[in-house]
Number of protein chains: 4
Amino acid sequence: MDFNEHKPIYLQISDTICEKIIEGVLPSEERIPSVREYASTLGVNPNTVFRTYEYLESIDAIYNKRGVGFFVSHGAKEKIISLQKLQFMEKEVPAILKKMELLGITPKELFDL
Amino acid sequence: MDFNEHKPIYLQISDTICEKIIEGVLPSEERIPSVREYASTLGVNPNTVFRTYEYLESIDAIYNKRGVGFFVSHGAKEKIISLQKLQFMEKEVPAILKKMELLGITPKELFDL
Amino acid sequence: MDFNEHKPIYLQISDTICEKIIEGVLPSEERIPSVREYASTLGVNPNTVFRTYEYLESIDAIYNKRGVGFFVSHGAKEKIISLQKLQFMEKEVPAILKKMELLGITPKELFDL
Amino acid sequence: MDFNEHKPIYLQISDTICEKIIEGVLPSEERIPSVREYASTLGVNPNTVFRTYEYLESIDAIYNKRGVGFFVSHGAKEKIISLQKLQFMEKEVPAILKKMELLGITPKELFDL
DNA sequence: GTGGTCTAGACCACC
DNA sequence: GTGGTCTAGACCACA
(Lines give C-alpha, C1' and ligand atoms only; values in the text may rest on other atoms or scores of the structure.)
Protein backbone atom coordinates (compact mmCIF):
# COMPACT_ATOMS: atom_id res chain seq x y z
CA MET A 1 0.00 0.00 0.00
CA ASP A 2 1.45 3.28 -1.14
CA PHE A 3 0.55 6.62 0.29
CA ASN A 4 2.08 8.83 -2.34
CA GLU A 5 -1.08 10.31 -3.66
CA HIS A 6 -2.61 13.57 -2.60
CA LYS A 7 -5.50 11.94 -0.81
CA PRO A 8 -5.08 11.90 2.97
CA ILE A 9 -3.77 8.60 4.22
CA TYR A 10 -6.61 8.14 6.68
CA LEU A 11 -9.08 8.34 3.80
CA GLN A 12 -7.10 5.90 1.73
CA ILE A 13 -7.28 3.47 4.63
CA SER A 14 -10.97 4.18 4.91
CA ASP A 15 -11.37 3.31 1.24
CA THR A 16 -9.79 -0.09 1.63
CA ILE A 17 -11.99 -0.90 4.61
CA CYS A 18 -15.09 0.22 2.71
CA GLU A 19 -14.09 -1.99 -0.17
CA LYS A 20 -13.80 -4.96 2.14
CA ILE A 21 -17.20 -4.23 3.60
CA ILE A 22 -18.79 -3.94 0.18
CA GLU A 23 -17.11 -7.08 -1.07
CA GLY A 24 -18.36 -8.92 1.97
CA VAL A 25 -14.94 -9.67 3.35
CA LEU A 26 -15.98 -7.75 6.43
CA PRO A 27 -19.59 -8.67 7.18
CA SER A 28 -21.83 -6.91 9.68
CA GLU A 29 -20.86 -7.27 13.31
CA GLU A 30 -17.38 -8.42 12.33
CA ARG A 31 -14.63 -7.04 14.50
CA ILE A 32 -12.02 -4.98 12.67
CA PRO A 33 -8.39 -4.88 13.78
CA SER A 34 -7.45 -2.73 16.74
CA VAL A 35 -6.00 0.68 16.02
CA ARG A 36 -2.52 -0.26 17.14
CA GLU A 37 -2.51 -3.59 15.37
CA TYR A 38 -3.73 -2.19 12.09
CA ALA A 39 -1.33 0.72 12.34
CA SER A 40 1.67 -1.54 12.72
CA THR A 41 0.39 -3.72 9.86
CA LEU A 42 0.20 -0.70 7.59
CA GLY A 43 3.30 0.96 8.95
CA VAL A 44 1.54 4.18 9.80
CA ASN A 45 1.00 6.19 12.94
CA PRO A 46 -1.78 4.85 15.20
CA ASN A 47 -3.34 8.31 15.24
CA THR A 48 -3.89 7.98 11.53
CA VAL A 49 -5.79 4.71 11.88
CA PHE A 50 -7.76 6.19 14.72
CA ARG A 51 -8.75 9.07 12.46
CA THR A 52 -9.96 6.52 9.92
CA TYR A 53 -12.09 4.74 12.48
CA GLU A 54 -13.42 8.03 13.78
CA TYR A 55 -14.45 8.92 10.26
CA LEU A 56 -16.04 5.55 9.57
CA GLU A 57 -17.92 5.83 12.84
CA SER A 58 -19.19 9.26 11.82
CA ILE A 59 -20.84 7.76 8.76
CA ASP A 60 -22.23 4.84 10.76
CA ALA A 61 -20.15 2.29 8.93
CA ILE A 62 -18.60 0.98 12.12
CA TYR A 63 -19.30 1.36 15.80
CA ASN A 64 -17.26 1.11 18.95
CA LYS A 65 -17.72 -1.21 21.93
CA ARG A 66 -15.80 0.51 24.68
CA GLY A 67 -12.84 -1.52 25.80
CA VAL A 68 -13.50 -4.17 23.20
CA GLY A 69 -12.93 -2.77 19.73
CA PHE A 70 -14.56 -1.55 16.55
CA PHE A 71 -17.22 -3.53 14.69
CA VAL A 72 -18.91 -3.26 11.32
CA SER A 73 -22.35 -1.74 11.72
CA HIS A 74 -25.56 -3.46 10.75
CA GLY A 75 -26.40 -2.38 7.23
CA ALA A 76 -22.98 -0.83 6.75
CA LYS A 77 -22.64 -2.15 3.22
CA GLU A 78 -25.83 -0.51 2.00
CA LYS A 79 -25.07 2.77 3.76
CA ILE A 80 -21.64 3.01 2.21
CA ILE A 81 -22.85 2.15 -1.26
CA SER A 82 -25.65 4.68 -1.26
CA LEU A 83 -23.40 7.35 0.18
CA GLN A 84 -20.65 6.82 -2.35
CA LYS A 85 -23.09 6.44 -5.22
CA LEU A 86 -24.66 9.74 -4.35
CA GLN A 87 -21.44 11.71 -4.27
CA PHE A 88 -20.13 9.91 -7.30
CA MET A 89 -23.13 10.95 -9.32
CA GLU A 90 -23.40 14.47 -8.01
CA LYS A 91 -19.78 15.51 -7.67
CA GLU A 92 -17.50 13.33 -9.68
CA VAL A 93 -19.52 12.74 -12.81
CA PRO A 94 -19.95 16.43 -13.67
CA ALA A 95 -16.24 17.04 -13.16
CA ILE A 96 -15.38 14.09 -15.37
CA LEU A 97 -17.72 15.22 -18.11
CA LYS A 98 -16.33 18.74 -18.07
CA LYS A 99 -12.80 17.47 -18.32
CA MET A 100 -13.69 15.09 -21.13
CA GLU A 101 -15.27 17.89 -23.09
CA LEU A 102 -12.25 20.13 -22.59
CA LEU A 103 -9.85 17.41 -23.64
CA GLY A 104 -11.97 16.34 -26.55
CA ILE A 105 -12.56 12.83 -25.31
CA THR A 106 -15.75 11.37 -26.71
CA PRO A 107 -17.93 9.11 -24.57
CA LYS A 108 -17.41 6.50 -27.27
CA GLU A 109 -13.68 6.63 -26.81
CA LEU A 110 -14.19 5.96 -23.13
CA PHE A 111 -16.89 3.40 -23.68
CA ASP A 112 -14.55 1.11 -25.56
CA LEU A 113 -12.79 0.32 -22.34
CA MET B 1 -13.33 34.11 -9.49
CA ASP B 2 -13.72 32.52 -6.13
CA PHE B 3 -11.63 29.81 -4.66
CA ASN B 4 -13.93 27.48 -2.79
CA GLU B 5 -12.39 24.09 -3.08
CA HIS B 6 -9.61 22.40 -1.21
CA LYS B 7 -7.36 22.69 -4.22
CA PRO B 8 -4.57 25.24 -3.82
CA ILE B 9 -5.37 28.60 -5.34
CA TYR B 10 -2.25 28.66 -7.46
CA LEU B 11 -3.32 25.41 -9.13
CA GLN B 12 -6.84 26.68 -9.69
CA ILE B 13 -5.35 29.69 -11.43
CA SER B 14 -3.20 27.33 -13.43
CA ASP B 15 -6.32 25.41 -14.43
CA THR B 16 -8.08 28.47 -15.74
CA ILE B 17 -5.03 29.46 -17.77
CA CYS B 18 -4.75 25.96 -19.18
CA GLU B 19 -8.40 26.08 -20.14
CA LYS B 20 -7.86 29.34 -21.94
CA ILE B 21 -4.92 27.90 -23.80
CA ILE B 22 -6.90 24.81 -24.81
CA GLU B 23 -9.88 26.87 -25.89
CA GLY B 24 -7.61 29.02 -28.01
CA VAL B 25 -8.27 32.20 -26.08
CA LEU B 26 -4.55 32.30 -25.37
CA PRO B 27 -2.74 31.28 -28.54
CA SER B 28 0.96 30.46 -28.80
CA GLU B 29 3.35 33.34 -28.26
CA GLU B 30 0.60 35.39 -26.65
CA ARG B 31 1.68 37.37 -23.63
CA ILE B 32 -0.13 36.58 -20.43
CA PRO B 33 -0.74 39.25 -17.78
CA SER B 34 2.18 40.25 -15.61
CA VAL B 35 2.40 38.71 -12.18
CA ARG B 36 1.36 41.88 -10.40
CA GLU B 37 -1.38 42.78 -12.82
CA TYR B 38 -3.02 39.37 -12.76
CA ALA B 39 -2.69 39.24 -8.99
CA SER B 40 -4.60 42.44 -8.54
CA THR B 41 -7.18 41.31 -11.09
CA LEU B 42 -7.78 38.11 -9.17
CA GLY B 43 -7.45 39.71 -5.79
CA VAL B 44 -4.68 37.43 -4.65
CA ASN B 45 -1.11 37.97 -3.60
CA PRO B 46 1.49 38.37 -6.35
CA ASN B 47 3.46 35.48 -4.87
CA THR B 48 0.52 33.20 -5.54
CA VAL B 49 0.36 34.14 -9.20
CA PHE B 50 4.11 33.80 -9.43
CA ARG B 51 3.81 30.26 -8.08
CA THR B 52 1.28 29.53 -10.84
CA TYR B 53 3.58 30.87 -13.53
CA GLU B 54 6.51 29.00 -12.06
CA TYR B 55 4.49 25.80 -12.25
CA LEU B 56 3.29 26.43 -15.79
CA GLU B 57 6.84 27.17 -16.84
CA SER B 58 7.97 23.88 -15.31
CA ILE B 59 5.59 21.99 -17.59
CA ASP B 60 6.66 24.07 -20.61
CA ALA B 61 3.27 25.64 -21.03
CA ILE B 62 4.65 29.14 -20.80
CA TYR B 63 8.08 30.71 -20.96
CA ASN B 64 9.66 33.89 -19.78
CA LYS B 65 11.21 36.71 -21.74
CA ARG B 66 13.39 38.42 -19.21
CA GLY B 67 12.22 41.81 -18.20
CA VAL B 68 9.26 41.52 -20.54
CA GLY B 69 6.84 38.95 -19.25
CA PHE B 70 5.50 35.44 -19.69
CA PHE B 71 4.34 34.06 -23.00
CA VAL B 72 2.44 30.97 -24.07
CA SER B 73 4.89 28.38 -25.37
CA HIS B 74 4.88 27.08 -28.89
CA GLY B 75 2.77 23.94 -28.89
CA ALA B 76 1.50 24.61 -25.39
CA LYS B 77 -2.03 23.56 -26.24
CA GLU B 78 -0.96 20.16 -27.47
CA LYS B 79 1.39 19.65 -24.55
CA ILE B 80 -1.27 20.42 -21.99
CA ILE B 81 -3.89 18.27 -23.66
CA SER B 82 -1.63 15.27 -24.02
CA LEU B 83 -0.41 15.67 -20.46
CA GLN B 84 -3.89 15.85 -19.01
CA LYS B 85 -5.23 13.19 -21.31
CA LEU B 86 -2.47 10.85 -20.27
CA GLN B 87 -3.08 11.18 -16.58
CA PHE B 88 -6.82 11.11 -17.09
CA MET B 89 -6.59 7.84 -18.96
CA GLU B 90 -3.99 6.22 -16.78
CA LYS B 91 -4.96 7.39 -13.33
CA GLU B 92 -8.52 8.60 -13.21
CA VAL B 93 -10.22 6.19 -15.57
CA PRO B 94 -9.08 3.05 -13.75
CA ALA B 95 -10.15 4.54 -10.44
CA ILE B 96 -13.53 5.43 -11.88
CA LEU B 97 -14.04 2.00 -13.37
CA LYS B 98 -13.08 0.31 -10.14
CA LYS B 99 -15.45 2.47 -8.17
CA MET B 100 -18.27 1.85 -10.64
CA GLU B 101 -17.78 -1.86 -10.42
CA LEU B 102 -17.67 -1.74 -6.67
CA LEU B 103 -20.82 0.35 -6.47
CA GLY B 104 -22.60 -1.67 -9.09
CA ILE B 105 -23.01 1.17 -11.55
CA THR B 106 -23.33 -0.08 -15.10
CA PRO B 107 -21.73 1.81 -17.97
CA LYS B 108 -25.20 2.10 -19.45
CA GLU B 109 -26.43 3.93 -16.41
CA LEU B 110 -23.62 6.42 -16.86
CA PHE B 111 -23.94 6.61 -20.60
CA ASP B 112 -27.43 8.05 -20.40
CA LEU B 113 -25.92 11.32 -19.24
CA MET C 1 26.86 29.72 7.10
CA ASP C 2 26.81 33.04 5.33
CA PHE C 3 25.25 33.79 2.03
CA ASN C 4 27.54 36.19 0.23
CA GLU C 5 27.19 35.38 -3.41
CA HIS C 6 24.61 36.32 -5.96
CA LYS C 7 23.25 32.80 -5.97
CA PRO C 8 19.84 32.48 -4.30
CA ILE C 9 20.02 31.33 -0.71
CA TYR C 10 17.70 28.41 -1.28
CA LEU C 11 20.06 27.04 -3.92
CA GLN C 12 23.07 27.55 -1.71
CA ILE C 13 21.31 25.52 0.97
CA SER C 14 20.54 22.92 -1.65
CA ASP C 15 24.22 22.80 -2.57
CA THR C 16 25.32 22.13 0.99
CA ILE C 17 22.77 19.34 1.33
CA CYS C 18 23.88 17.83 -1.96
CA GLU C 19 27.47 17.95 -0.78
CA LYS C 20 26.51 16.15 2.40
CA ILE C 21 24.72 13.49 0.42
CA ILE C 22 27.69 13.02 -1.90
CA GLU C 23 30.13 12.88 0.98
CA GLY C 24 27.99 10.24 2.66
CA VAL C 25 27.18 12.38 5.69
CA LEU C 26 23.55 12.00 4.71
CA PRO C 27 23.01 8.41 3.57
CA SER C 28 19.92 7.09 1.83
CA GLU C 29 16.74 7.01 3.91
CA GLU C 30 18.27 9.39 6.43
CA ARG C 31 15.90 12.01 7.72
CA ILE C 32 16.94 15.58 7.11
CA PRO C 33 16.04 18.36 9.56
CA SER C 34 12.51 19.64 9.53
CA VAL C 35 11.82 22.83 7.63
CA ARG C 36 11.42 24.90 10.74
CA GLU C 37 14.32 23.39 12.60
CA TYR C 38 16.76 23.84 9.75
CA ALA C 39 15.50 27.34 9.14
CA SER C 40 16.24 28.41 12.69
CA THR C 41 19.61 26.66 12.55
CA LEU C 42 20.56 28.59 9.44
CA GLY C 43 18.93 31.78 10.54
CA VAL C 44 16.71 32.03 7.51
CA ASN C 45 12.99 32.04 6.95
CA PRO C 46 11.20 28.66 6.93
CA ASN C 47 9.83 29.44 3.49
CA THR C 48 13.34 29.58 2.15
CA VAL C 49 14.21 26.15 3.48
CA PHE C 50 10.92 24.86 2.18
CA ARG C 51 11.83 26.14 -1.25
CA THR C 52 15.09 24.20 -1.01
CA TYR C 53 13.31 20.99 -0.06
CA GLU C 54 10.74 21.52 -2.79
CA TYR C 55 13.56 21.82 -5.29
CA LEU C 56 15.44 18.80 -3.99
CA GLU C 57 12.22 16.80 -4.12
CA SER C 58 11.72 17.85 -7.74
CA ILE C 59 15.05 16.29 -8.68
CA ASP C 60 14.28 13.14 -6.66
CA ALA C 61 17.09 13.77 -4.20
CA ILE C 62 14.74 13.67 -1.22
CA TYR C 63 11.18 12.57 -0.63
CA ASN C 64 8.52 13.35 1.88
CA LYS C 65 6.81 11.10 4.39
CA ARG C 66 3.66 12.96 5.16
CA GLY C 67 3.50 14.34 8.64
CA VAL C 68 6.91 12.93 9.38
CA GLY C 69 9.54 14.79 7.42
CA PHE C 70 11.88 14.66 4.47
CA PHE C 71 14.22 11.78 3.78
CA VAL C 72 17.13 11.22 1.44
CA SER C 73 15.96 9.21 -1.56
CA HIS C 74 17.29 5.80 -2.44
CA GLY C 75 20.13 6.33 -4.87
CA ALA C 76 20.17 10.06 -4.27
CA LYS C 77 23.94 10.24 -4.25
CA GLU C 78 24.25 8.66 -7.67
CA LYS C 79 21.45 10.77 -9.10
CA ILE C 80 23.00 13.99 -7.91
CA ILE C 81 26.48 13.10 -9.09
CA SER C 82 25.35 12.03 -12.53
CA LEU C 83 23.17 15.10 -12.85
CA GLN C 84 25.94 17.49 -11.88
CA LYS C 85 28.55 15.62 -13.86
CA LEU C 86 26.40 15.76 -16.93
CA GLN C 87 25.90 19.49 -16.83
CA PHE C 88 29.49 20.07 -15.84
CA MET C 89 30.72 18.14 -18.84
CA GLU C 90 28.22 19.44 -21.33
CA LYS C 91 27.87 23.05 -20.30
CA GLU C 92 30.76 24.20 -18.19
CA VAL C 93 33.65 22.38 -19.79
CA PRO C 94 33.03 23.72 -23.30
CA ALA C 95 32.69 27.24 -21.92
CA ILE C 96 35.93 26.84 -19.99
CA LEU C 97 37.80 25.51 -22.98
CA LYS C 98 36.54 28.27 -25.21
CA LYS C 99 37.57 30.88 -22.69
CA MET C 100 41.00 29.32 -22.25
CA GLU C 101 41.57 29.32 -25.98
CA LEU C 102 40.41 32.89 -26.28
CA LEU C 103 42.65 34.02 -23.44
CA GLY C 104 45.58 31.97 -24.65
CA ILE C 105 45.82 29.79 -21.56
CA THR C 106 47.43 26.45 -22.31
CA PRO C 107 46.16 23.27 -20.65
CA LYS C 108 49.67 22.85 -19.28
CA GLU C 109 49.46 26.15 -17.50
CA LEU C 110 46.30 24.95 -15.82
CA PHE C 111 47.53 21.48 -15.18
CA ASP C 112 50.26 22.67 -12.87
CA LEU C 113 47.63 23.41 -10.25
CA MET D 1 21.96 34.18 -30.08
CA ASP D 2 19.95 32.75 -27.22
CA PHE D 3 19.39 34.49 -23.95
CA ASN D 4 18.02 31.59 -21.98
CA GLU D 5 20.86 31.25 -19.55
CA HIS D 6 21.05 32.79 -16.13
CA LYS D 7 23.70 35.28 -17.10
CA PRO D 8 22.34 38.78 -17.63
CA ILE D 9 21.75 39.54 -21.27
CA TYR D 10 23.82 42.70 -21.18
CA LEU D 11 26.83 40.67 -20.03
CA GLN D 12 26.27 38.06 -22.70
CA ILE D 13 26.35 40.83 -25.27
CA SER D 14 29.46 42.19 -23.63
CA ASP D 15 31.06 38.76 -23.95
CA THR D 16 30.49 38.61 -27.69
CA ILE D 17 31.93 42.06 -28.16
CA CYS D 18 34.97 41.16 -26.05
CA GLU D 19 35.47 38.07 -28.15
CA LYS D 20 35.44 40.15 -31.30
CA ILE D 21 37.96 42.54 -29.84
CA ILE D 22 40.26 39.70 -28.77
CA GLU D 23 39.94 37.97 -32.11
CA GLY D 24 40.83 41.22 -33.84
CA VAL D 25 37.53 41.53 -35.63
CA LEU D 26 37.11 44.81 -33.82
CA PRO D 27 40.50 46.56 -33.78
CA SER D 28 41.37 49.65 -31.76
CA GLU D 29 39.58 52.82 -32.73
CA GLU D 30 37.00 50.86 -34.70
CA ARG D 31 33.48 52.16 -34.33
CA ILE D 32 30.98 49.72 -32.90
CA PRO D 33 27.32 49.76 -33.91
CA SER D 34 25.05 52.36 -32.42
CA VAL D 35 22.92 51.35 -29.48
CA ARG D 36 19.70 51.39 -31.44
CA GLU D 37 21.10 49.60 -34.44
CA TYR D 38 22.71 46.83 -32.43
CA ALA D 39 19.58 46.48 -30.31
CA SER D 40 17.38 45.91 -33.31
CA THR D 41 19.94 43.50 -34.77
CA LEU D 42 19.86 41.45 -31.58
CA GLY D 43 16.18 41.89 -30.95
CA VAL D 44 16.63 43.29 -27.48
CA ASN D 45 15.72 46.49 -25.75
CA PRO D 46 18.04 49.44 -26.54
CA ASN D 47 18.47 49.97 -22.80
CA THR D 48 20.08 46.57 -22.59
CA VAL D 49 22.66 47.37 -25.23
CA PHE D 50 23.31 50.71 -23.58
CA ARG D 51 23.98 48.89 -20.32
CA THR D 52 26.51 46.76 -22.17
CA TYR D 53 28.31 49.79 -23.57
CA GLU D 54 28.21 51.44 -20.18
CA TYR D 55 29.86 48.40 -18.69
CA LEU D 56 32.49 48.14 -21.42
CA GLU D 57 33.22 51.80 -20.98
CA SER D 58 33.70 51.27 -17.25
CA ILE D 59 36.47 48.77 -17.92
CA ASP D 60 38.04 51.03 -20.54
CA ALA D 61 37.36 48.64 -23.37
CA ILE D 62 35.45 51.22 -25.35
CA TYR D 63 34.99 54.95 -25.18
CA ASN D 64 32.35 57.37 -26.30
CA LYS D 65 32.63 60.31 -28.70
CA ARG D 66 29.66 62.43 -27.86
CA GLY D 67 27.22 62.60 -30.71
CA VAL D 68 29.29 60.24 -32.82
CA GLY D 69 29.29 56.80 -31.27
CA PHE D 70 31.29 54.25 -29.33
CA PHE D 71 34.79 53.19 -30.30
CA VAL D 72 37.17 50.46 -29.23
CA SER D 73 39.81 51.85 -26.89
CA HIS D 74 43.49 51.81 -27.57
CA GLY D 75 44.91 48.67 -25.95
CA ALA D 76 41.44 47.25 -25.34
CA LYS D 77 42.47 43.77 -26.34
CA GLU D 78 45.26 43.57 -23.79
CA LYS D 79 43.14 45.08 -21.03
CA ILE D 80 40.33 42.60 -21.58
CA ILE D 81 42.63 39.63 -21.73
CA SER D 82 44.49 40.49 -18.55
CA LEU D 83 41.24 41.26 -16.73
CA GLN D 84 39.55 38.03 -17.73
CA LYS D 85 42.67 36.00 -17.14
CA LEU D 86 42.92 37.35 -13.64
CA GLN D 87 39.40 36.54 -12.63
CA PHE D 88 39.51 33.22 -14.41
CA MET D 89 42.52 32.16 -12.39
CA GLU D 90 41.40 33.56 -9.07
CA LYS D 91 37.69 32.89 -9.09
CA GLU D 92 36.73 30.25 -11.59
CA VAL D 93 39.60 27.83 -11.30
CA PRO D 94 39.17 27.20 -7.57
CA ALA D 95 35.43 26.63 -8.02
CA ILE D 96 36.09 24.22 -10.85
CA LEU D 97 38.63 22.28 -8.86
CA LYS D 98 36.35 22.00 -5.87
CA LYS D 99 33.52 20.73 -8.02
CA MET D 100 35.77 18.22 -9.76
CA GLU D 101 36.94 16.86 -6.47
CA LEU D 102 33.38 16.54 -5.18
CA LEU D 103 32.22 14.78 -8.33
CA GLY D 104 35.28 12.59 -8.45
CA ILE D 105 36.50 13.85 -11.80
CA THR D 106 40.24 13.40 -12.18
CA PRO D 107 42.33 16.01 -13.99
CA LYS D 108 43.31 13.22 -16.35
CA GLU D 109 39.71 12.58 -17.28
CA LEU D 110 39.39 16.22 -18.17
CA PHE D 111 42.75 16.42 -19.83
CA ASP D 112 41.77 13.88 -22.45
CA LEU D 113 39.47 16.42 -23.98
C1' DG E 1 8.12 48.18 -16.12
C1' DT E 2 9.39 42.90 -15.51
C1' DG E 3 10.35 38.63 -12.66
C1' DG E 4 12.73 36.58 -8.59
C1' DT E 5 13.93 36.11 -3.93
C1' DC E 6 13.29 36.79 0.82
C1' DT E 7 11.21 37.84 5.46
C1' DA E 8 7.62 37.75 8.90
C1' DG E 9 3.88 35.75 10.27
C1' DA E 10 -0.35 33.34 9.79
C1' DC E 11 -3.59 29.35 9.06
C1' DC E 12 -4.57 24.79 7.70
C1' DA E 13 -4.80 19.72 7.11
C1' DC E 14 -2.61 15.90 8.37
C1' DC E 15 0.34 12.41 11.05
C1' DG F 1 4.86 17.66 15.63
C1' DT F 2 5.07 17.72 10.14
C1' DG F 3 4.68 20.09 5.50
C1' DG F 4 1.97 23.25 2.44
C1' DT F 5 -0.25 27.38 1.17
C1' DC F 6 -1.13 32.13 1.51
C1' DT F 7 -0.74 37.19 2.58
C1' DA F 8 1.65 41.48 3.12
C1' DG F 9 5.29 43.80 2.06
C1' DA F 10 9.99 44.50 0.92
C1' DC F 11 14.30 44.65 -1.96
C1' DC F 12 16.91 43.56 -5.93
C1' DA F 13 18.72 42.94 -10.66
C1' DC F 14 17.45 43.34 -15.09
C1' DA F 15 15.14 45.05 -19.63
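Just so it is clear: chains get the letters A, B, ... in the order the sequence lines come, proteins before strands, and each one is counted from 1. Because the structure is a prediction, the values reported are computed rather than measured.
Of the candidates dG4(F), dA15(F), dT2(E), the closest approach to any side-chain atom of Asn64(C) belongs to dG4(F). Proximity note for Arg51(B) (side chain, C-beta onward) versus dT5(F), dT2(E), dC14(F): the nearest is dT5(F). With dC6(F), dC14(E), dC14(F) as the choices, the nucleotide that has an atom nearest any side-chain atom of Arg66(B) turns out to be dC14(F). Nearest nucleotide to the Ile9(C) side chain, out of dC15(E), dC14(F), dT7(E): dT7(E). Of the listed nucleotides (dC15(E), dT7(E), dG4(F)), dG4(F) has the atom at the smallest distance from the side chain of Arg36(C). Across dC14(F), dA8(F), dC14(E), the shortest atom-to-atom separation from the side chain of Tyr10(D) is found for dC14(F).
Between Lys20(A) and Glu30(A), none of the side-chain N atoms (NZ, or NE/NH1/NH2) sits under 4.0 Å from a carboxylate O, so this pair counts as no salt bridge.
For the pair Thr48(B) and dT7(F), the criterion of a side-chain N or O lying under 4.0 Å from OP1 or OP2 is met.
Checking Phe50(C) against Val44(D), the closest nucleotide of DNA chain F that is more toward the 5' end is the one next to Phe50(C). Nearest-nucleotide assignment on DNA chain F puts the 5′-proximal partner with Glu37(C), out of Glu54(C) and Glu37(C).
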Take Glu92(D) and Phe88(D), measure what side chain to side chain contact (heavy atoms under 4.5 Å, CB included) needs, and give me the verdict at the end. CA-CA 5 Å; Glu92(D) 298 187 34; Phe88(D) 181 73; 3.5 Å; yes
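Donor-acceptor pairing under 3.5 Å, judged by distance alone, is absent between the side chain of Asn45(D) and the base of dG1(E).
Contact record, Asn64(B) with Glu57(B): CB-OE2, 3.7 Å, taken as the closest heavy-atom pair.
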Under the 3.5 Å Watson-Crick or G-U criterion, the dot-bracket string of DNA chain F, with | for inter-strand pairs: ||||||||||||||.
